[in-house]
Amino acid sequence: MKTDDGSVLVVDDNEVNRDLLARRLQRQGHAVTVAEDGLQAMALMRSEPFDLVLLDIMMPQMNGYQVLEHLKADEQLRHIPVIMISAVDDIDSIVRCIELGAEDYLSKPFNPVLLKARISACLEKKRLRDKEQTYLRELAEEKEKSERLLLNILPGPIAQRLKEGENTIADSFAEVTVMFADLVGFTKLSAHLSPAELVELLNEIFSAFDELADRYGLEKIKTIGDAYMVVGGLPKVSDNHAESIAEMAIDILGAMAQIRTKGGQPLSIRIGIHTGPVEAGVIGTKKFTYDLWGDTVNTASRMESQGIPGGIQVTVATYERLRNKYVFEERGVISVKGKGDMMTYLLVARKGA
């Protein structure tokens, strides 16, 4: 097949002209469909694809101008190029056709060489436009993929600020609640698992945690080996960050009770929570990371590392915000590395549960 072959619709109410033009185009290698009036032409264009339309102007019921107007008003059909054909060869008619969106205008009787050249030119422009549209669609799809990946790495508002050109993102938050959750004895357990089994198990656990974080409107910060870090109250400030973290912590214990290794072994987890101020920002240039800094983060981490397997240990700051809605047990004063003696509590359940 030649490179200028195309699917062409010939629309003319004169049977002799229609058949003559169709045979000529077929000899040039085009696939030709004919229509005897505008209504039939519109029906055909809605039912099958065409690369080009040769459209007569003077027709009964629906003339060429009307067909062209309907065609260019239709989002699905407006991309089809149209060459107007007519025995009327006056400048006003030509101008009107071009203004309505026609690609070209040919007067009857046709010069065969000119007809072939005009059709080839229109088909080439159509192919270029099709390539452009394909490229734009692929570009939009790639942009969407990039945005999804960016949102997997960064919180939505932070990603938006980066896209808007903000180079340094660093914010202070007066009060957030930070939680660390760490699997107990996982290092020893992992020695008996294959790499694939280890990754599969961690993926199952952390995917469940991700769903909980989404449910309670919390921001996952990162995983560190078999530890999970999440925060409430940023980047969008909220008043219920402590409650949201408490809900997720309680649900984590419930989720862990349902998860087993392939050998049927149960898993245990320690959870630590603290409420206070933090600094947050984006670091890196090639691999972005949104992270938190400050004493609040360190204290929450200590609550986890010096906590009780299967328990949710919280500081006084968190306890004071949750005591009216949740049941606590007083663990008492413990010596916390880098902090000295601290009073701590164990979050047991929701009140009225």
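The figures that follow rest on heavy atoms only: side chains count, while hydrogens, waters and symmetry mates do not.
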*Any donor-acceptor pair under 3.5 Å linking the side chain of Asn63 with the backbone of Gln66?*
yes
*For the student: nearest non-hydrogen atoms of Leu52 and Pro81, plus distance*: CD1-O, 3.5 Å
*Which pairs count as salt bridge (charged side-chain N to carboxylate O under 4.0 Å, His left out) when at least one residue sits in residues 58-86, sequence neighbours excluded?*
Arg46-Asp74, Glu75-Arg78
_Side-chain touch Leu128/Glu124, heavy atoms, less than 4.5 angstrom_ = yes
*Kindly say whether Gly6 contributes a backbone atom to a donor-acceptor pair with the side chain of His30 at under 3.5 angstrom?*
yes
*Run the salt-bridge test on Arg129 and Glu103 with the 4.0 Å N-O cut-off and return the result as yes or no.*
yes
*Kindly say whether Ala317 contributes a backbone atom to a donor-acceptor pair with the side chain of Arg321 at under 3.5 angstrom?*
yes
_When you measure from the side chain of Thr275 to the backbone of Thr177, do you find a donor-acceptor pair of N or O atoms at a distance under 3.5 Å?_
no
*asked:* With heavy-atom distances below 4.5 Å as the criterion, would you say the side chains of Thr315 and Thr318 are in contact?
replied: yes
*Any side-chain heavy-atom pair of Val8 and Asp51 under 4.5 Å*: no
*asked:* Going by the rule side chain to side chain contact (heavy atoms under 4.5 Å, CB included), which residues pair with Ser268 if we only count those two or more places apart in sequence or in a different chain?
replied: Val184, Pro309
_Holding to side chain to side chain contact (heavy atoms under 4.5 Å, CB included), I want the full list of residues that pass it with Val297, two or more places apart in sequence or in another chain._
Phe180, Met229, Val278, Leu292
*Is there any side-chain hydrogen bond (donor to acceptor under 3.5 Å, both in side chains) pair reaching into residues 12-21, and which pairs are they, with sequence neighbours excluded?*
Asp12-Lys108
*Specify the closest pair of heavy atoms between Gly281 and Trp293, including all atoms of both residues, with the distance to one decimal.*
N-CZ3, 3.4 Å
*What residue pairs, at least two apart or across chains, pass side-chain hydrogen bond (donor to acceptor under 3.5 Å, both in side chains) with a residue in residues 216-227?*
Asp210-Lys220, Tyr216-Asp251, Lys222-Asp291
_Can you confirm whether Met62 is buried at CE, in the sense that more than 12 heavy atoms of other residues, nucleotides or ligands lie under 6.0 Å from that atom?_
yes
*What about Leu346 and Met256, same hydrophobic cluster or not, with Ile/Leu/Val/Met/Phe/Trp/Tyr joined at side-chain heavy-atom distances under 4.5 Å?*
no
_According to side chain to side chain donor-acceptor pair (under 3.5 Å), who are the partners of Glu247, at least two apart in sequence or on a separate chain?_
Tyr326, Arg350
*Leu253 side chain near Ile271 side chain, heavy-atom distance below 4.5 Å*: yes
_For Asp56 against Ser86, the heavy-atom pair lying closest together_ = OD1-CA, 4.0 Å
*Pairs satisfying side-chain hydrogen bond (donor to acceptor under 3.5 Å, both in side chains), at least one member in residues 333-347, at least two apart*: Asp295-Lys339, Gln313-Thr344
_Using a 4.5 Å cut-off between side-chain heavy atoms of Ile, Leu, Val, Met, Phe, Trp and Tyr, which other residues end up in the same hydrophobic cluster as Met342?_
Met303, Ile334, Val336
*Heavy-atom pair with the smallest gap, counting every atom of Ala22 and Val34*: CB-CG1, 3.9 Å
_With sequence neighbours excluded, residues passing side chain to side chain contact (heavy atoms under 4.5 Å, CB included) with Ala213_ = Leu218, Tyr228, Val230, Met248
_Test side chain to side chain donor-acceptor pair (under 3.5 Å) applied to Thr134 and Arg137, step by step_ = CA-CA 5 Å; Thr134 299; Arg137 279 196 302 273; 3.3 Å; yes
*For the residue pair Val32 and Val10, establish whether any side-chain heavy-atom pair is separated by less than 4.5 Å.*
yes
*Going only through I, L, V, M, F, W and Y residues with side-chain contacts under 4.5 Å, is there a path from Ile252 to Ile308?*
no
*Verify, without hydrogens or angle tests, whether Lys351 (side chain) and Arg323 (backbone) share a donor-acceptor contact under 3.5 angstrom.*
yes
*Would you please name every residue forming a side chain to side chain contact (heavy atoms under 4.5 Å, CB included) with Ser207, sequence neighbours left out?*
Asn203
*Please answer whether the main-chain N or O of Glu36 pairs with a side-chain N or O of Gln40 as donor and acceptor at a distance below 3.5 Å.*
yes
_Could you report the tightest heavy-atom contact between Ile269 and Phe209, atom names first, then the distance?_
CD1-CZ, 3.6 Å
*Decide, yes or no, whether a salt bridge links Asp92 with Arg96 under the criterion of side-chain N to carboxylate O below 4.0 Å.*
no
*List, by chain and number, the other hydrophobic cluster members for Val348, where Ile, Leu, Val, Met, Phe, Trp and Tyr join if side-chain heavy atoms come within less than 4.5 Å, directly or indirectly.*
Val327
*asked:* According to a hydrophobic-cluster definition based on side-chain heavy atoms being under 4.5 Å apart (Ile, Leu, Val, Met, Phe, Trp, Tyr only), do Leu20 and Leu114 belong together?
replied: no
*Using a distance-only test with no angle check, is there a side-chain donor-acceptor pair under 3.5 angstrom linking His241 and Glu175?*
yes
*Could you tell me whether the side chain of Ile205 reaches within less than 4.5 Å of the side chain of Leu183, counting heavy atoms only?*
yes
_ILVMFWY network linking Val95 to Tyr105, side-chain heavy atoms under 4.5 angstrom_ = no
*asked:* Could you check whether any side-chain heavy atom of Leu44 comes within less than 4.5 Å of a side-chain heavy atom of Val11, counting everything from C-beta outward?
replied: no
*Mind checking what makes side chain to side chain donor-acceptor pair (under 3.5 Å) contact with Arg118, not counting sequence neighbours?*
Asp104
*Taking the side chain as C-beta and beyond, is there a heavy-atom pair between Ile83 and Leu55 under 4.5 Å?*
no
